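Numbering of ligands and ligand atoms starts at 1, following listing order. Just so you know, these numbers come straight off a predicted model, no measurement behind them.
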Amino acid sequence: MLVLCLGAALSLRAAEPAATLTLHADQPGAVINRNIYGQFAEHLGTCIYGGIWVGEDSSIPNTRGIRNDVIAALKQLHVPALRWPGGCFADEYHWKDGIGPREKRPAMINTHWGGVVENNHFGTHEFFDLCELIGTDAYVCGNVGSGTVQEMMEWVEYMTSNADSPMANLRRANGHKEAWKVKYLAVGNESWGCGGNMRPEYYADEFRRYNTFVKNYPGNKIYRVAGGSNGDDVAWTEALMANAGKQMDGLSLHNYTLPTGNWKGSKGSATEFDEAAWFTTLKHTLQMEDLLKKHSAIMDKYDPEKRVGLVVDEWGTWYDATPGSNPGFLQQQNTMRDAVVAGLNLHLFQNHADRVSMTNIAQMINVLQAMILTDKDKMVLTPTYHVFEMYNVHQGATSLPVQLTTPDYVVGTEKIPAVSAAASRDAAGKVHLSLVNANPNTPITVSCTLAGLTAKTVTGRVLTSSAMQDRNTFAAPDAVKPQPFTGAKLDSGKLTLTLPAKSVLILTLE
Ligand code: AHR
């Protein structure tokens, strides 16, 4: 009986697909810009109002109007940079409406997102307060589409100048003596679409004009991001690099993952999906690699020294809105599938760290592939949040090349690589290896050769779940959360482990 059981176990193990990996600790690569783990908060749906801002008089515990539970959760992510106020909203946002006493601020219609009335209670001061509370750098998106050069110029003065000047004095009059730091500023958003429907050559000139008046006041140096392409629009990148490559520090790229790949019809449900939709979602997300290569190749032509960073300041899953919710609020649930999407994308960004200087997942709270969902006083952390928290260790570390041979994950006649990996060495010398198993059905054995690394211990955490659709809800907030991983073994300099089906794993080797 015992022999039979052992035999069955052995034959099961023999049937498990296997991946091999060489982690090249001997070939350190680029430093992984912390900003790859950046976030994005737009005045859209309940991202700002309800998700972040509840107001000082709210019964929800808050600090100067910003909810405390959200602050505490975001602090754990070590958010490096926060993009605000949009998105499409940025090109209709007039910053002067969002300063001064709140009860006197004029309202506006948020025409892009549900046509709701925006009361401007969350403005420049509240944004910088949020940045300070969670310890992040500001990435401000300026209005090119419906704003003026003067407006952008004055906003920069208001935020960053300490002179005895009109805008700096207005800031002081509104209660903030010292200038803030604006590290990153985008000159418009999606100028090919909601930001003004411009042609690339026209926008390149507009970028040059607006950018001329974005001043570096003493003590503040701005990294200027030009609006880049929509997905694979390489002609846009070519025109921007040719006409404004010398003036910019970064060029953006927006790319969303839709299970169906179809913007016009149904995008697919966030929660009611089968394996075919799981597969196409991951397949579409992996197209990011092709985009990074295509846009980088054009950038290399104009900027071989890689001075200009590729800033993927909108990415993530985009499903049909939660049934019954306002479709203009882009509210969606987040499952184990989103965790895998996050892991795959973050690996791609890290493995292209020589060009990718920042990314901002869309969006931080209650919108699209969110970190956090809120409902009145309740808050839940999504599987995507957990991946960002687990991968924190890669921020600012030195990327280490990983040579990977992986089995395919096959569905019907199509396939994608089942395993994805990235590695880094942090300032303390610890090596971190993250792995994703995209196959929802089968664990995979991974045998790793550690080149140039003598590790004595390996520890880890894994995020996995029994069903692809598993998610955290207000009723069950901890259904999907990281667990200690003890399945990795070090033996004679080799690391072996079994990567559970549909999982995201982070290991630390010391
Ligand atoms: O993230 C939602 C929207 O998607 C942004 O406002 C816009 O820039 C993009 O089209």
**Report entry** Heavy-atom gap Phe89 to ligand 1 smaller than 4.0 Å
**Finding:** no
Query raised in the report: Which protein non-hydrogen atom lies closest to atom 1 (O) of ligand 1, naming both residue and atom, and how far is it?
Result: Tyr256 OH, 2.7 Å
Query - Per-atom contacts of ligand 1 with Gln363, taking only distances under 4.0 Å to non-hydrogen atoms - result: 1 (O), 2 (C)
Query raised in the report: Which pairs count as ring-ring contact (aromatic ring centres under 6.0 Å, His included) when at least one residue sits in residues 237-260, sequence neighbours excluded?
Result: Tyr256-Trp318
**Report entry** Top protein contact for atom 10 (O) of ligand 1, by heavy-atom distance
**Finding:** Glu190 OE1, 2.8 Å
Query raised in the report: Considering only heavy atoms of Phe40, which atoms of ligand 1 have at least one such atom less than 4.0 Å away?
Result: 1 (O)
Report task. Specify side chain, backbone, both or neither for Leu368, according to which of its non-hydrogen atoms lie closer than 4.0 Å to ligand 1. Result -> side chain
Query raised in the report: Are Trp236 and His295 near enough that their ring centres are under 6.0 Å apart?
Result: no
Query raised in the report: Taking heavy atoms and a distance under 4.0 Å, where does Trp315 meet ligand 1: side chain, backbone, both or neither?
Result: neither
Query raised in the report: Side chains of Ser296 and Arg355: donor-acceptor distance under 3.5 Å anywhere?
Result: no
Requested in this report: Assign the ring pair Trp315 / Phe349 to parallel, tilted or perpendicular, where the plane angle (0 to 90°) is split at 30° and 60°.
Outcome: perpendicular
Query raised in the report: Backbone, side chain, both or neither: what part of Glu42 comes under 4.0 angstrom of ligand 1, heavy atoms only?
Result: side chain
Query raised in the report: How about His125 and Tyr158: are their ring centres within less than 6.0 Å of each other?
Result: yes
Report summary line: Within 4.0 Å of some non-hydrogen atom of Trp318, the atoms of ligand 1 are 4 (O)
Query raised in the report: disulfide (SG to SG under 2.5 Å) with Cys88: which residues, sequence neighbours excluded?
Result: Cys194
Report task. Would you indicate whether Tyr202, at its atom OH, is surrounded by more than 12 heavy atoms from other residues, nucleotides or ligands within a distance under 6.0 Å? Result -> no
Query raised in the report: What's the shortest distance from atom 4 (O) of ligand 1 to any protein heavy atom, and which residue and atom give it?
Result: Glu314 OE1, 3.1 Å
